[in-house]
Structures are given as C-alpha cells and as structure tokens.
Asker: 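Please see the structure below; I have some questions.
Each chain gets a letter, A, B and so on, in the order the sequences are listed, and its residues count up from 1.
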Amino acid sequence: MGELAKTYNPAEHEAKLYAWWEAQGYFKPETLVAKGLVAEGAASFCVTMPPPNVTGILHLGHAIAATLEDLATRYHRMRGYDTLFLPGSDHAGIATQNVVERELAKEGLERHGLGREKFIERVWEWKAQTHARITDQHRRLGISCDWERERFTLDEGLSHAVRVAFHTLYERELIYRGPYMVNWCPRCESAISDLEVISQEQDSHLWYIRYPLANADWGVPQQEWGSGRWAEGATEFIEMATTRPETIVGDTGVAVNPEDERWGQLIGRQAVLPVSGRAIPIVGDEAVEIEFGTGAVKVTPAHDPTDYEIGARHGLDALNVLTETARMNAEAGPYAGLGRNECRRAIVADFEREGLLVKVEEHHHAVGHCERCDTVIEPRISTQWFVRTKPLAEKALDAVRSGEMRIIPARFEKIFFHWMENIRDWCISRQLWWGHRIPVWYCEECGQEWSAVEAPTTCPQCGSARIKQDSDVLDTWFSSGLWPFSTLGWPDLKSPDLQRFFPTNLRETGYDILFFWVAREAMLSLELMGRAPFSTVYLHGLIRDEHGKKISKSMPDAWKYDPLYIIEEYGTDALRYTLATSSSPGNDMSLDLRRIAGARNFANKLWQATRFILLNLAEGERVTPLAELAAEQLLLEDRWILSRLYQLTESVTQLMAAYQYGEAGRQIREFIWDEFCDWYLEAAKVRFYAIDEVAKVAPKTVLLTVLEQSLRLLHPFMPYVTEVIWQALPAEIKEGEALMIAAWPQPDAAWLDVVAEEQLALLMELVRGIRNVRAEYHVPPGKRIAALLAAGALQPLFAARRELLSSLARLDAAQLEIVAVAEPPAQAAPVVAGELVIYLPLAGMVDIAAECRRLRKSLRALEGRITGSQRKLAGPFAERAPAHIVARERALLAELQGEAAQTREQLARWE
RNA sequence: GGGCGGUUAGCUCAGUUGGCUAGAGCGCUGCGUUGACAUCGCAGAGGUCACAGGUUCAAGUCCUGUAUCGCCCACCA
C-alpha cells in the first residue's frame with residue numbers, strides 16, 4: 001500500500017492483472033455463484049461475442065465491439081447478474097478460403113492443384129495461427145469473457161448444431177434445392193448471396209445494335225459471320241441497346257413494351273440473331289421501359305435476372321454461353337474459349353464490320369462485384385440450396401414490432417423492417433471447400449435425396465451403399481446465424497448453459513452486418529428456438545481515421561490505428577474509454593489519437609489522486625469507515641462531495657441501464673477530475689496540513705470512500721487502472737478481493753444534501769471571482785492577500801470554513817474578515833457572488849476606473865438577463881409553462897437581481 | 001430511383017421524453033515548478049448550433065423545404 005509509482009504505466013500492470021483475474025476464475029459465472037455474489041434466482045446476463053473471422057488480425061471495429069460488450073458484461077456482473085460473456089471465432093468460409101488462396105499464390109500454389117483435403121489442412125494451419133493472434137489481442141483488451149466456453153463455428157458441437165439446423169429446416173420445407181438464377185463469382189467459382197454482391201458505379205458504354213428481322217425478302221444469312229456481308233439483303237431491323245454485348249450469343253428473344261408505338265406491331269415477328277443466325281421471337285413485356293435506350297431489349301434468360309423473368313413469362317429458352325470461370329463456352333460459336341471481356345471487344349468489332357453497330361454511348365451504371373475478391377459477378381442459372389425466408393422474416397418482424405427484440409439506435413428498426421419486408425430467398429450453398437458440408441446425400445442407385453444429421457452409409461430408400469454427400473458447403477452466415485444458441489449447447493435443449501443463459505441479452509455489433517448476421521440470427525432463432533436470440537441489439541458505427549476516412553490496410557498511416565499499437569502507446573484503458581465515450585450508437589466515429597492521449601491522462605490523473613491520498617496515510621494506519629464518523633465531523637465540502645457522488649451514481653446507473661454508455665463515461669470523468677480532484681481534494685488539503693490531528697480523520701475517510709466508489713463506477717470503462725488502484729486501497733473502506741467482482745455502488749440517499757451543493761457552488765463562484773481579479777491585477781500566484789467578506793446570513797457558515805476559503809483563493813487567513821454586513825473599504829476590488837461580496841483591498845493596485853469598467857460590464861450583462869427574465873415571466877410563459885420551470889425562472893431572477901443590486905452598490909461608491 | 005445519417009468552438013465530437021448563460025477533449029492566449037499530478041494547475045479567448053420557413057410560452061432538440069457531405073437499398077437493358 002502506498003507504493004504507487006510516480007506515473008501510471010499500463011504495460012506494467014495489464015498482462016499481470018489479466019492473468020490474475022483469469023486465474024481467479026472471475027470470468028466464469030460459476031465462480032461468482034460459488035462466492036455467493038449472485039443471489040439465488042438472480043437474472044442472467046449473457047452476451048455472445050461476435051466471432052471474429054479467422055482471416056487476420058483484429059482492427060478497431062473489433063476493439064469497439066469487445067469494449068462495449070465487456071462494458072455491459074462488467075456492469076451486469078457488478079450488479080449481481082448471473083453473467084456470461086462467451087467468446088469465439090468464425091471459420092468465415094469464403095473469406096478465409098480466399099485469404100489462404102492468396103497465401104498459396106505466394107508460393108506459386110493453387111487450391112485445385114493441392115486438392116480438397118490438402119487445401120483444408122492448409123486452412124486449418126492458417127486458422128491455428130490467426131486464432132492465436134486474435135485471442136491474444138482480445139485478452140489485451142481486457143475483456144472478461146469465459147475462455148473455457150470459447151467456441152469455433154467449425155468445432156464438433158457447432159458443426160453438429162449446423163447439421164441439426166439444416167435437417168430441421170429441410171424437414172419443415174424451409175430449405176429447398178433447385179436451379180435458379182444466382183450471383184456467381186467466376187473467381188471464387190461459387191454462388192454467393194445477394195448480400196455478398198457489392199454494386200459499384202462504373203463508367204462503361206451503351207452499345208446500340210440492330211438485329212435483322214425475318215421477312216418475305218430475307219430470313220437466313222447467306223454469308224459467314226464476320227465477312228461483313230452477314231446481313232446482306234436484310235430489309236428490316238430492330239434496334240436495341242445493351243451494356244453486355246458478349247451475351248448476345250445467348251439471346252433467345254427480343255422484348256419490347258406492348259404499349260410502345262414504335263415497336264408494338266413487331267410483337268410476334270422473328271428477329272435473326274447475329275452470329276448464329278438463329279431465329280428468335282419478338283415478345284411484348286411490360287418490364288421493358290419505353291424511355292430507356294431504343295425501347296427494345298435483347299433477352300438473355302441465362303445471364304440476366306430480368307431477362308430470366310421475361311424468358312420465363314414467354315417460354316424462351318435459357319441458353320448458357322459462359323463457363324464457371326466466365327469464359328465463353330461452345331454455345332458461343334466463334335467466340336468459344338474467349339474471356340467475357342475479350343469476347344465483348346471481339347463481338348463489338350464484328351458488329352461494326354457487319355454494319356449492325358449503330359452507335360456507342362458513354363454509360364455510367366452499377367455493376368455487381370464479389371464482396372470478397374472484387375470480381376465482377378455473373379448472374380447465372382445454377383442448382384443451389386435456398387432458405388425460404390418469407391415465413392422466417394415474418395417472425396423476425398413480429399419480434400421487433402412486439403418489442404421482444406429492440407434495436408439501438410431505434411432508427412435501424414425501420415431499416416430492419418424494410419429489409420425483412422422485401423427479403424428474397426437466401427442462397428446458402430457455396431461451391432467452396434472451407435466450411436460445413438451440406439448434410440444431404442444422394443443415392444446413385446435410386447436417385448433418392450435426403451438430409452441427415454449423422455452421415456448415413458446406405459440409402460434409406462433402396463438400401464444401396466452407393467451414396468454420395470453433396471459436395472457444397474454452407475454459407476458461413478448459416479453457422480454464425482445459430483451462434484446465440486449453438487454456443488450454449490443447442491440442439492441439446494437440456495444443456496445447462498442453454499437453459500441458464502438463453503435467450504441472451506445483448507448483440508453488440510456494427511450496423512454494417514445487421515442484415516448479414518443479426519437478421520439471420522433473429523430468423524433462425526425464432527424458427528428453431530421459438531424466441532428472439534437476444535433482447536437488445538446495440539449497433540455501433542464504423543471507426544474512421546481522424547479525418548473521417550475509412551481505415552484500410554493500404555493507408556500509409558494505418559499502423560496508427562492498430563489496436564495493439566494504441567494499447568502499447570496509451571494503454572488499454574485509454575483505448576477503451578475513448579471508444580466507449582467518443583460517439584453515440586449507430587454513428588460513425590473519427591478516432592482522434594489526441595482523445596486517446598486525453599484518456600490516458602485521465603487514467604494518470606486518477607492515479608495521482610490516489611497517490612496523494614495514500615501518501616497522507618501513515619504506515620498501517622486504520623482508516624475510519626464513513627459509518628463510524630459523527631455527523632458533525634462532516635464539513636461543508638464533505639457533505640458536498642458525498643451529495644455529488646450520490647447524484648452521479650444515480651445518474652450513471654440510469655444511463656448504464658439505458659445503454660447510454662458514452663454519457664455515463666463522460667459524467668464519471670467529469671466528476672472525478674473536475675469535482676473530486678480539482679475541488680474536493682484541494683479542499684481536503686486544508687485539514688491535512690492543519691495541526692489538528694482529529695480534523696484529518698474525516699477527509700481521509702471521505703476521500704477514500706468517494707475514490708473507492710468512483711473506481712467501481714469507472715471500472716467497466718477502465719478495468720485495469722481501477723483494479724490496480726483498488727487493490728492498493730486500505731481494506732477498511734472496501735469489501736471483497738477484487739474490484740471486478742465488487743458490487744455496483746448503491747447510492748445512500750442520506751448523502752443527498754442540496755443545501756450543501758448550493759452553498760459550495762456559492763463558495764466556488766466566490767473563489768473563481770477572486771482568482772479572476774487576482775489574475776487581472778497580476779497578483780503573484782503565491783501572494784496571500786487580505787479580504788473582507790460580507791456574507792449576510794451565511795456569515796456563520798463561512799466563518800466556520802474560513803480556512804477553506806482562504807486556502808482555495810490564496811487569502812491571508814489572518815487578514816480575512818468575515819462579517820454579515822460590511823462597510824466597503826475605499827481601495828478594494830469587490831467580487832460579487834450571489835448576495836455575497838468579498839472586498840480585496842489591493843493596496844495601491846486598484847485601478848478605480850478599470851474596476852468601474854469591469855463592474856459596469858458585468859452589470860450590463862446582468863441587466864440584460866434580468867430584463868429577459870422579467871419579460872419572460874410577464875408573458876404567457878408564467879401560465880403556460882410547467883410550475884417547476886416557472887419557479888426556477890423566478891429563483892434565477894431573484895438571484896440575478898441580488899447580484900445586480902450588489903454590483904450597483906459597489907459602483908455607486910465610486911461614481 | 002428510393003431510404004437513412006451527418007452538418008454544433010480552429011480540430012475531433014457529446015448534447016434521448018423541447019426548459020437556467022449550448023458543453024468536453026485537444027489546440028490557442030496569459031500566468032504558474034504551492035508538499036498528487038507539467039500525462040499538471042489557475043485564469044481567459046473562441047459558436048447567428050448549415051440555410052429558409054413553421055409549430056410552441058419556449059427549438060441545437062419537433063415539422064416542412066433547400067444546400068452539402070456520406071452511407072444503405074434498388075432487375076432501367
């Protein structure tokens with residue numbers, strides 16, 4: 001005790017402390033129960049960590065999530081909830097596979113060359129490395145999660161949960177398989193969901209082309225395509241615009257709007273498709289916009305979602321002309337084997353040669369790209385697995401509407417509704433290797449298809465052993481969608497953790513994955529568990545650099561925003577405090593390193609205050625607990641700070657319960673720094689440095705009591721420094737073995753003392769006024785000056801605390817006169833605070849003209865406000881506004897008038 | 001094409017049922033090494049709360065519109 005270093009050095013304590021907490025079992029709910037810190041039948045509080053992808057290292061987005069989750073966890077643990085923060089990580093199918101593929105590419109390897117099994121081995125190796133790094137980073141953040149309950153989406157239990165979930169949905173016909181148009185990434189060679197397609201605006205072209213029409217004069221091209229005479233003899237044409245000329249070879253129709261006067265009469269006729277010379281019908285379809293392009297559109301049902309629908313309506317064939325890697329297939333005739341872009345150039349050139357290219361316009365439009373590898377997506381018809389989302393979405397909508405699940409900030413509920421109401425079926429199969437194999441088998445004998453939780457050996461239909469499992473894997477979000485219950489032991493409904501902690505309480509994540517993840521968690525949980533997975537969704541914003549730019553690895557100063565760098569430079573507490581208090585939910589945050597430095601300074605400030613207090617304790621001195629103090633031992637400043645602490649605790653507790661962490665954190669800081677350190681601690685020095693030993697008892701008690709309770713309030717924000725300090729405090733003023741398992745402060749209503757607060761506020765105003773005058777007159781800071789205080793009815797109070805006033809304002813105690821009514825000295829600067837006036841006889845220094853100017857200025861301001869207040873009270877305000885608001889206004893007016901009267905009196909002496 | 005958010009001090013941001021003189025950190029100015037702290041203290045300067053209307057006794061806060069920046073969603077080829 002009392003051995004605190006000169007400054008707080010986070011690195012010296014953090015790792016040690018974390019290891020100790022963990023070794024003590026404080027992160028485990030069982031420990032708290034065993035210690036009797038969780039009351040019988042206490043409510044549970046559970047948050048499952050959004051499992052980071054095992055793709056790389058953590059960034060500030062993870063840091064803010066972990067911080068807020070741990071903040072909530074520590075707060076609830078202190079409140080006596082049966083608390084669990086469950087950690088884990090996500091195999092992140094497509095993302096991780098891509099990362100490992102890039103790693104392999106560095107060695108000149110490619111996954112197909114390696115083979116599925118070997119490749120998966122490599123991914124597991126990668127997983128082991130990144131997982132270790134991620135875990136280490138999370139520990140550095142000080143999060144109090146139960147590592148023994150850590151889960152991984154591909155581990156045994158969760159894989160089983162995935163199979164059960166799939167099987168259940170399959171049996172309920174909420175999962176189906178079929179050939180539909182999906183988003184296909186030709187680089188990943190896999191289908192991806194709508195959400196994984198990122199549309200990017202691009203500059204491109206709109207090619208106006210024309211197809212000849214078959215008529216009595218011409219119907220079959222006589223010359224070779226590319227000869228320049230392919231359309232020779234054609235007499236009628238239909239002109240259309242396209243952004244994708246390479247798909248022309250896959251056209252099986254031309255569509256026009258039936259209302260279109262230009263083209264309407266062509267419906268039913270045949271066009272002759274360039275290149276192949278195939279006759280294709282012209283159909284009428286409402287989907288065609290008359291205004292766009294020429295009003296006619298080529299229809300390629302196999303390669304465009306709209307065309308797919310038009311084709312379906314008119315019985316047009318879907319002719320696939322692309323391979324899985326987006327090269328032209330045999331159907332492309334002369335273009336077979338070309339890449340889609342090469343083909344585009346070639347076919348445009350050929351159209352020009354054949355006189356079928358009318359014009360080319362600049363065109364700006366959105367093109368879909370793969371979220372993971374940025375490759376241009378190809379819409380493609382392929383057989384995939386889907387989740388029928390409509391019925392699931394209904395339940396999710398109800399859960400939010402009914403309030404079973406609440407989203408913070410509330411505006412995201414509308415966004416959630418909109419998405420859920422317009423949801424489309426979710427493509428869950430991926431042609432990847434890294435992930436959960438789809439638990440469906442096919443019989444090669446009888447063609448039976450069935451789903452099973454455990455791998456079968458024979459066909460249930462015909463008994464054949466010639467069965468094969470589906471080779472696809474599931475979308476990674478399918479397994480993470482089960483996270484809130486799969487991690488707690490589902491599908492075992494008797495799992496103690498599931499019964500104890502489900503439904504969970506909080507899902508904290510960035511708003512960018514509301515649809516990807518939170519929405520899926522809600523749908524799957526409501527379907528499989530019959531309940532929403534959590535009661536509150538708290539969405540944080542994106543973290544950007546100090547100029548509001550998105551932080552990316554390619555930025556030259558990206559290293560500055562690495563959580564580990566920040567932790568090493570400023571300490572974990574500084575990072576956590578800053579992340580928790582610098583923004584509000586759902587709003588992006590520009591992380592300013594200066595703020596982090598400020599938070600580090602705050603930790604040090606707290607440290608210094610503690611040092612001061614402990615330095616004033618003798619070795620082994622017993623501190624008197626607050627309860628043992630007699631009422632009269634508590635002086636004005638003691639009653640004031642205790643009252644302030646009471647109010648702070650009330651306010652912070654309310655804010656924490658309402659998930660207003662930012663405001664809570666700011667209030668705690670303001671209290672500790674501005675009230676406790678700057679005023680109370682300075683006030684306490686008066687008694688510390690006095691001769692009277694008895695007088696020193698109360699301030700020690702109050703200092704330690706307030707400090708100890710402040711530490712408890714601050715602990716969820718700055719767990720390390722608060723715990724280190726707490727451990728150094730004398731045993732008499734604390735309970736238990738660690739701050740992190742201490743009880744959240746229960747404010748003692750007896751501390752509330754509004755009179756003390758008002759009186760000290762007056763004293764502070766007086767002191768500030770004196771300091772102000774001293775600064776203006778350049779009175780040397782150390783110089784003690786005489787003063788005459790006219791305190792009116794408060795004379796006894798100020799007389800009793802004369803040392804306090806003289807100490808804080810650097811007055812000469814021997815020449816401080818405190819009276820009820822004073823005859824103003826001739827050569828003195830008056831300081832007015834409410835109805836109090838203190839005269840500072842600055843012998844020979846007082847510039848009367850300057851004083852008059854100062855007083856007049858102050859009087860003008862006062863009079864302005866008085867007039868405003870009077871006008872307000874004379875108007876409809878007095879009767880329309882609530883009584884307490886009016887009363888407050890009246891009180892204010894009286895105060896202003898009192899101060900103005902005093903000021904006028906002072907002026908009158910000189911004028 | 002829809003929808004959402006931001007616009008508050010030089011910079012980065014708070015300001016949740018509308019209610020005292022709109023706040024903080026950093027920066028800036030002046031003073032200061034008083035026996036916790038220069039990662040500090042004291043005093044101070046600095047804002048027509050983007051703009052225009054409206055509702056109200058009262059608007060940074062609610063409504064309408066405008067500007068501007070950003071984000072999300074969307075099958076105009």
Asker: Name the nucleic acid region contacted by A:Arg774, choosing base, sugar-phosphate or nothing; use a 4.0 angstrom heavy-atom cut-off, strictly under.
Answerer: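 A:Arg774: no heavy atom of the nucleic acid under 4.0 Å.
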Asker: What is the separation between atom CD1 on A:Ile672 and atom P on B:U39, rounded to the nearest whole Å?
Answerer: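 Computing the A:Ile672:CD1 to B:U39:P distance gives 20 Å.
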Asker: Which nucleotide, B:C73, B:A43, B:C37, lies nearest any side-chain atom of A:Arg771?
Answerer: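 Selected nucleotide (nearest to the side chain): B:A43.
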Asker: Taking the same atom, P, in B:G6 and in B:C63, what whole-Å distance lies between them?
Answerer: 11 Å
Asker: Does A:Lys685 make a side-chain N or O approach to OP1 or OP2 of B:A36 shorter than 4.0 Å?
Answerer: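 Yes, A:Lys685 has a side-chain N/O under 4.0 Å of OP1/OP2 on B:A36.
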Asker: CG of A:Asp285 versus C1' of B:C76: gap in Å, rounded?
Answerer: 13 Å
Asker: How close or far is atom P of B:A77 from atom CG of A:Asp304, stated in whole angstroms?
Answerer: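 Interatomic distance, CG of A:Asp304 to P of B:A77: 9 Å.
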Asker: When rounded to the nearest 0.5 angstrom, what is the spacing between CG in A:Asn183 and CD in A:Glu196?
Answerer: 9.0 Å
Asker: Could you tell me whether A:His303 contacts a base, only the sugar-phosphate backbone, or nothing, with contacts defined as non-hydrogen atoms closer than 4.0 Å?
Answerer: nothing
Asker: N/O contacts under 3.5 Å, protein versus nucleotides 15-19 of chain B?
Answerer:
| from | atom 1 | to | atom 2 | distance (Å) |
| --- | --- | --- | --- | --- |
| B:U16 | N3 | A:Gln660 | OE1 | 3.3 |
| B:U16 | N3 | A:Gln660 | NE2 | 3.2 |
| B:U16 | O4 | A:Gln660 | OE1 | 3.3 |
| B:G19 | O2' | A:Arg888 | NH2 | 2.5 |

Asker: Give A:Leu542 one of three labels, base, sugar-phosphate or nothing, depending on what nucleic acid heavy atoms sit under 4.0 Å from its own.
Answerer: nothing
Asker: Roughly how many Å is it from OH in A:Tyr577 to C1' in B:A14, rounded to a whole number?
Answerer: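 Distance check: A:Tyr577 OH to B:A14 C1' gives 11 Å.
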Asker: B:A52 and B:C28: how far apart are their C1' atoms, nearest whole angstrom?
Answerer: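 Roughly 34 Å separates the two C1' atoms.
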Asker: Atom NZ of A:Lys414 and atom P of B:C73: how far apart are they, to the nearest Å?
Answerer: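 From A:Lys414 NZ to B:C73 P: 17 Å.
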Asker: Would you indicate, yes or no, if B:G44 has its OP1 or OP2 atom less than 4.0 angstrom from a side-chain nitrogen or oxygen of A:Asn772?
Answerer: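 Yes, within the criterion.
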Asker: Please give the distance between the C1' atoms of B:C72 and B:U29 as a whole number of Å.
Answerer: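 The answer is 45 Å between these two C1' atoms.
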Asker: Does a nitrogen or oxygen in the side chain of A:His418 sit under 4.0 Å from OP1 or OP2 of B:C4?
Answerer: no
Asker: Just by distance, with hydrogens left out, do A:Ser590 and A:Arg544 show a side-chain donor and acceptor under 3.5 Å apart?
Answerer: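 Their side chains do not contain a donor-acceptor pair, so the 3.5 Å distance test is not met.
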Asker: At 4.0 Å (heavy atoms only), tell me whether A:Ser583 reaches a base, stays on the sugar-phosphate, or touches nothing.
Answerer: sugar-phosphate
Asker: In whole Å, what separates the P atom of B:A14 from that of B:G2?
Answerer: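 It works out to 29 Å between them.
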Asker: Got a list of protein N/O to nucleotides 22-31 of chain B N/O distances below 3.5 Å?
Answerer:
none

Asker: Between B:G25 and B:G41, how far apart are the two P atoms, rounded to whole Å?
Answerer: 10 Å
Asker: Rounded to the nearest angstrom, tell me the gap between atom CG in A:Leu593 and atom P in B:U12.
Answerer: 14 Å
Asker: When you measure from the side chain of A:Tyr689, which nucleotide among B:C37, B:G35, B:C76 comes out closest?
Answerer: B:G35
Asker: Would you check if there is a donor-acceptor pair between the side chains of A:Glu239 and A:Tyr208 at a distance under 3.5 Å?
Answerer: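 Per modelled atom types, A:Tyr208 and A:Glu239 side chains form no pair under 3.5 Å.
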Asker: For the side chain of A:Ala366, starting at C-beta, report the closest nucleotide among B:A77, B:A36, B:A74.
Answerer: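 Out of B:A77, B:A36, B:A74, the nucleotide with an atom closest to A:Ala366's side chain is B:A74.
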Asker: Using side-chain heavy atoms (C-beta onward) and a distance below 4.5 Å, is A:Thr300 in contact with A:Thr252?
Answerer: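 A side-chain contact under 4.5 Å is absent here.
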Asker: What's A:Arg600 touching, base or sugar-phosphate or nothing? Going by heavy atoms closer than 4.0 Å.
Answerer: base
Asker: Side chains of A:Glu201 and A:His364: do they bring a donor and an acceptor to under 3.5 Å?
Answerer: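 On atom types as modelled, these side chains qualify, holding a pair under 3.5 Å.
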Asker: Around A:Gln870, counting heavy atoms of other residues, nucleotides and ligands shown, do more than 12 lie under 6.0 Å from its CD?
Answerer: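 Counting neighbours around CD of A:Gln870, more than 12 heavy atoms of other residues, nucleotides or ligands fall under 6.0 Å, so yes.
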Asker: Base, sugar-phosphate alone, or nothing: which one does A:Val299 contact when heavy atoms must sit under 4.0 Å apart?
Answerer: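 Nothing, no heavy atom under 4.0 Å.
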Asker: To the nearest Å, give me how far apart CD (A:Glu569) and C1' (B:U39) are.
Answerer: 12 Å
Asker: Choosing from B:G5, B:A77, B:A36, which nucleotide comes nearest the side chain of A:Arg411?
Answerer: B:G5
Asker: Mapping A:Asp678 and A:Asn604 to their closest nucleotides on RNA chain B, which lands nearer the 5' end?
Answerer: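 Per heavy-atom nearest nucleotide, the more 5' residue is A:Asn604.
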Asker: Mind listing the closest non-hydrogen atom pair of A:Ala241 and A:Thr294 along with its distance?
Answerer: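 So the minimum-distance heavy-atom pair works out to N-OG1, 4.1 Å.
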Asker: Requiring both pairing distances under 3.5 angstrom, list the stems that contain RNA chain B and are made of three or more consecutive Watson-Crick or G-U pairs.
Answerer: B:1-7 with B:67-73, B:10-13 with B:23-26, B:28-32 with B:40-44, B:50-54 with B:62-66
Asker: Of the options A:Asp251, A:Asp304, A:Asp307, which is the one that meets A:Lys298 in a salt bridge (charged side-chain N to carboxylate O under 4.0 Å, His left out)?
Answerer: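 Result for salt bridge (charged side-chain N to carboxylate O under 4.0 Å, His left out) with A:Lys298: A:Asp251.
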Asker: For B:G46 and B:C26, measure between their C1' atoms and round to the nearest Å.
Answerer: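 Those two atoms are separated by 14 Å.
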Asker: Using atom P of each nucleotide, how far apart are B:G3 and B:G65 to the nearest Å?
Answerer: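 It works out to 10 Å between them.
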Asker: Quiz question: by atom type and distance under 3.5 Å, do the side chains of A:Gln667 and A:Ser651 form a donor-acceptor pair?
Answerer: yes
Asker: Please report the distance separating the C1' of B:U12 from the corresponding atom of B:U48, rounded so that it comes out in whole Å.
Answerer: 23 Å
Asker: Over all heavy atoms of both residues, which pair between A:Val256 and A:Ala296 is shortest? Give the atoms and the distance, please.
Answerer: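 Closest approach of A:Val256 to A:Ala296, heavy atoms only: CG1-CB, 3.8 Å.
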Asker: What are the two closest heavy atoms between A:Ser806 and A:Arg784, and how far apart are they?
Answerer: O-NH1, 3.4 Å
Asker: Determine the minimum heavy-atom distance between A:Ala599 and A:Met718, stating which atoms define it.
Answerer: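 So the minimum-distance heavy-atom pair works out to O-CE, 3.6 Å.
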Asker: Just to confirm, is there a sub-4.0 Å distance from OP1 or OP2 of B:U39 to any side-chain nitrogen or oxygen of A:Lys605?
Answerer: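 No, A:Lys605 has no side-chain N/O under 4.0 Å of OP1/OP2 on B:U39.
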Asker: Can you identify which nucleotide, out of B:C20, B:A77, B:A36, has its nearest atom closest to the A:His365 side chain?
Answerer: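 Taking heavy atoms from C-beta onward, the closest nucleotide is B:A77.
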Asker: When the nearest nucleotide of RNA chain B is assigned to A:Val767 and to A:Pro876 on a heavy-atom basis, which residue is associated with the more 5' position?
Answerer: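 Whichever sits nearer the 5' end wins; that is A:Val767.
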Asker: Between A:Thr389 and A:Asp425, does any side-chain donor sit less than 3.5 Å from a side-chain acceptor?
Answerer: yes
Asker: Looking for any heavy atom pair under 4.0 Å, which part of the strands does A:Lys298 touch: base, sugar-phosphate only, or nothing?
Answerer: nothing
Asker: Can you tell me which nucleotide in B:C37, B:A77, B:A36 comes closest to the side chain of A:Phe612?
Answerer: B:A36
Asker: Taking atom C1' of B:C75 as reference, at what distance in whole Å does atom CG of A:Asn422 sit?
Answerer: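 Interatomic distance, CG of A:Asn422 to C1' of B:C75: 14 Å.
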Asker: Which pair of heavy atoms, one from A:Pro699 and one from A:Arg687, lies closest together, and at what distance?
Answerer: CD-NH1, 3.3 Å
Asker: Taking the six-membered ring for Trp, are A:Tyr8 and A:His13 parallel (under 30°), tilted (30 to 60°) or perpendicular (over 60°)?
Answerer: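 Ring orientation, 0 to 90° scale: parallel.
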Asker: Counting only distance, no hydrogens or angles, is the base of B:A36 paired donor-acceptor with the side chain of A:Glu682 under 3.5 Å?
Answerer: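 By the distance-only test, yes, there is a pair.
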